[in-house]
There are 2 protein chains.
Amino acid sequence: MVAGRVSRLGLVLLGLLDREARAGYDLVKLFAETPMGHFSDSPGAIYPALKRLEALGLVTGADHDTDAGRRRRVYRVTDAGRERLLAWLRQPVTRAEMQRREGELALRFTFMDSRVPTEIVDAFLRSYETTAIEVADDLAAYLDAGRGTEHGRFTVDLGLRNYRAHVAWARDVRRERAWTLVRQEA
Amino acid sequence: MVAGRVSRLGLVLLGLLDREARAGYDLVKLFAETPMGHFSDSPGAIYPALKRLEALGLVTGADHDTDAGRRRRVYRVTDAGRERLLAWLRQPVTRAEMQRREGELALRFTFMDSRVPTEIVDAFLRSYETTAIEVADDLAAYLDAGRGTEHGRFTVDLGLRNYRAHVAWARDVRRERAWTLVRQEA
DNA sequence: AGTTACATGTAAGACGTTACATGATTCA
DNA sequence: TGAATCATGTAACGTCTTACATGTAACT
């Protein structure tokens with residue numbers, strides 16, 4: 001295990017690079033275009049993040065000269081980087097994480113493709129669903145208790161609706177996965 | 001208008017202090033207990049933020065000695081602070097804001113209590129609903145276009161469900177507001 | 001007497017935002 | 001030739017996180 005923290009942006013970059021080797025500029029464009037968990041599409045964030053990943057030995061950058069002599073530094077994930085990425089994906093779903101950083105969990109799911117063992121994905125979705133249920137129950141209890149201001153309660157209600165959507169999502173994805181697994185076996 | 005940026009945490013503190021004068025410790029506890037848009041309940045964030053607000057002249061802190069000689073620095077919002085808070089609440093709802101910082105908008109609604117003119121609250125909810133519809137439509141279009149990986153599409157689907165919940169929420173809140181207004185007139 | 005809760009703060013470090021700088025290439 | 005795009009970076013700045021420090025008061 002490599003020492004040193006990796007920021008959320010770093011982990012996302014790791015996930016993207018694991019799929020396909022890319023240059024920093026490609027990633028900048030990618031963030032600007034895709035409607036994902038909204039990250040800084042600013043080079044001032046991405047280039048330093050890539051350098052940090054390289055310093056930790058999680059990615060390696062190689063200067064490729066394109067057809068036209070333009071320099072491009074293409075990064076690819078190392079074995080240690082792949083390990084680190086998997087460690088991130090494998091992390092259990094906690095309430096703290098779900099409440100603190102909405103979207104980071106979904107992001108993890110995004111990177112759980114064919115390389116990740118099915119059991120890990122299943123475990124993720126199961127714990128995602130149960131955790132979302134817990135959080136939703138908490139919010140519902142808060143509303144039942146009748147605390148907070150009127151608008152504060154409305155805001156909590158919005159959170160509650162969101163978590164219910166999370167629950168339904170996890171359930172639906174699991175269902176769809178079960179369905180495709182059955183089809184594959186047939 | 002006071003110059004100088006105010007962080008999101010700063011704005012939240014401003015909103016809370018506008019309601020009721022409090023000491024830093026009260027705010028620390030508040031964040032630790034309430035299930036709101038998840039902020040750092042760490043003193044290392046809150047105390048400096050209060051000092052920044054004070055330096056900008058948006059709040060004033062006064063040392064009160066409690067019954068028992070324990071020192072407590074109680075902060076209250078100044079006129080300039082109230083102005084700044086209102087300016088924040090009045091800001092139009094933009095797509096960028098909705099996509100970048102989920103929850104900040106809901107936070108704004110939380111602080112729109114009786115002091116805020118009804119028209120502003122109505123305008124907020126209306127633009128909130130239309131903006132959420134726009135964003136949801138975008139995500140739906142992305143899914144229709146069939147781009148992205150399988151799991152990436154699932155993640156976008158989660159986002160879509162969330163935005164649909166936002167739309168429904170805004171609609172319901174508006175409806176309920178209309179209802180209570182009718183009751184008040186009767 | 002020792003632990004918990006009250007209450008305020010500082011210091012180090014990491015990270016992201018914004019803005020700027022640089023230079024090559026392609027296209028009008 | 002000039003503008004837009006490609007492509008990589010740096011510097012300043014503010015803010016949050018984590019961890020630590022300090023001291024009082026209440027409870028057991």
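Residue numbering restarts at 1 for every chain, and letters A, B, ... go by the order of the sequence lines.
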Asks: What residues form a side chain to side chain donor-acceptor pair (under 3.5 Å) with B:E97, not counting sequence neighbours?
Replies: B:R108

Asks: So, the side chain of A:E134 versus the backbone of A:R95: is there a donor-acceptor pair under 3.5 Å, distance only?
Replies: no

Asks: Enumerate all atom pairs, one protein N or O and one N or O from nucleotides 10-17 of chain D, separated by less than 3.5 Å.
Replies:
unit_1, atom_1, unit_2, atom_2, d
D:dT10, OP1, A:K51, NZ, 3.4
D:dT15, OP2, B:R52, NE, 3.2
D:dC16, OP2, B:R52, NH2, 3.0
D:dT17, OP2, B:S40, OG, 3.0

Asks: Any chance CD of B:E150 has more than 12 other-residue heavy atoms, nucleotides or ligands included, within less than 6.0 Å?
Replies: no

Asks: Taking B:H151 for its side chain and A:F109 for its backbone only, find out whether a donor-acceptor pair lies under 3.5 Å.
Replies: yes

Asks: Starting at CG of B:D26 and ending at C1' of C:dA7, how long is that distance when rounded to a whole Å?
Replies: 10 Å

Asks: Using a cut-off of strictly less than 4.0 Å, decide whether B:R73 has a side-chain nitrogen or oxygen near OP1 or OP2 of C:dG9.
Replies: no

Asks: Measure CZ/A:R71 against C1'/D:dG9 and give the value in whole Å, please.
Replies: 8 Å

Asks: Taking only residues two or more places apart in sequence or in another chain, which ones pass side chain to side chain donor-acceptor pair (under 3.5 Å) with B:R174?
Replies: B:E129

Asks: Does B:G15 offer a backbone N or O that forms a donor-acceptor pair with the side chain of B:W88 under 3.5 Å?
Replies: no

Asks: Could you tell me the separation between the NE2 atom of A:H64 and the P atom of D:dA7, rounded to a whole number of Å?
Replies: 13 Å

Asks: Return the value, rounded to whole Å, for the distance between atom CZ of A:F31 and atom P of D:dT8.
Replies: 14 Å

Asks: Might you confirm whether atom CZ of B:R76 has over 12 heavy atoms from other residues, nucleotides or ligands at distances under 6.0 Å?
Replies: no

Asks: Taking CD from A:E54 and P from D:dT8, how many angstroms apart are they, rounded to a whole number?
Replies: 12 Å

Asks: Could you state the atom-to-atom distance from CG of A:L27 to C1' of D:dG9 in whole Å?
Replies: 15 Å

Asks: Tell me the interatomic distance from A:R22, atom CZ, to D:dA7, atom P, rounded to whole angstroms.
Replies: 14 Å

Asks: With sequence neighbours left out, what residues match A:R177 under salt bridge (Lys or Arg N to Asp or Glu O under 4.0 Å)?
Replies: A:D122

Asks: Between the protein and nucleotides 4-6 of chain C, which nitrogen or oxygen pairs are less than 3.5 angstrom apart?
Replies:
unit_1, atom_1, unit_2, atom_2, d
C:dC6, OP2, B:Y25, OH, 3.1
C:dC6, O3', B:R70, NH1, 3.1

Asks: Looking at residues at least two apart in the chain, or sitting in another chain, which of them share a salt bridge (Lys or Arg N to Asp or Glu O under 4.0 Å) with A:E119?
Replies: none

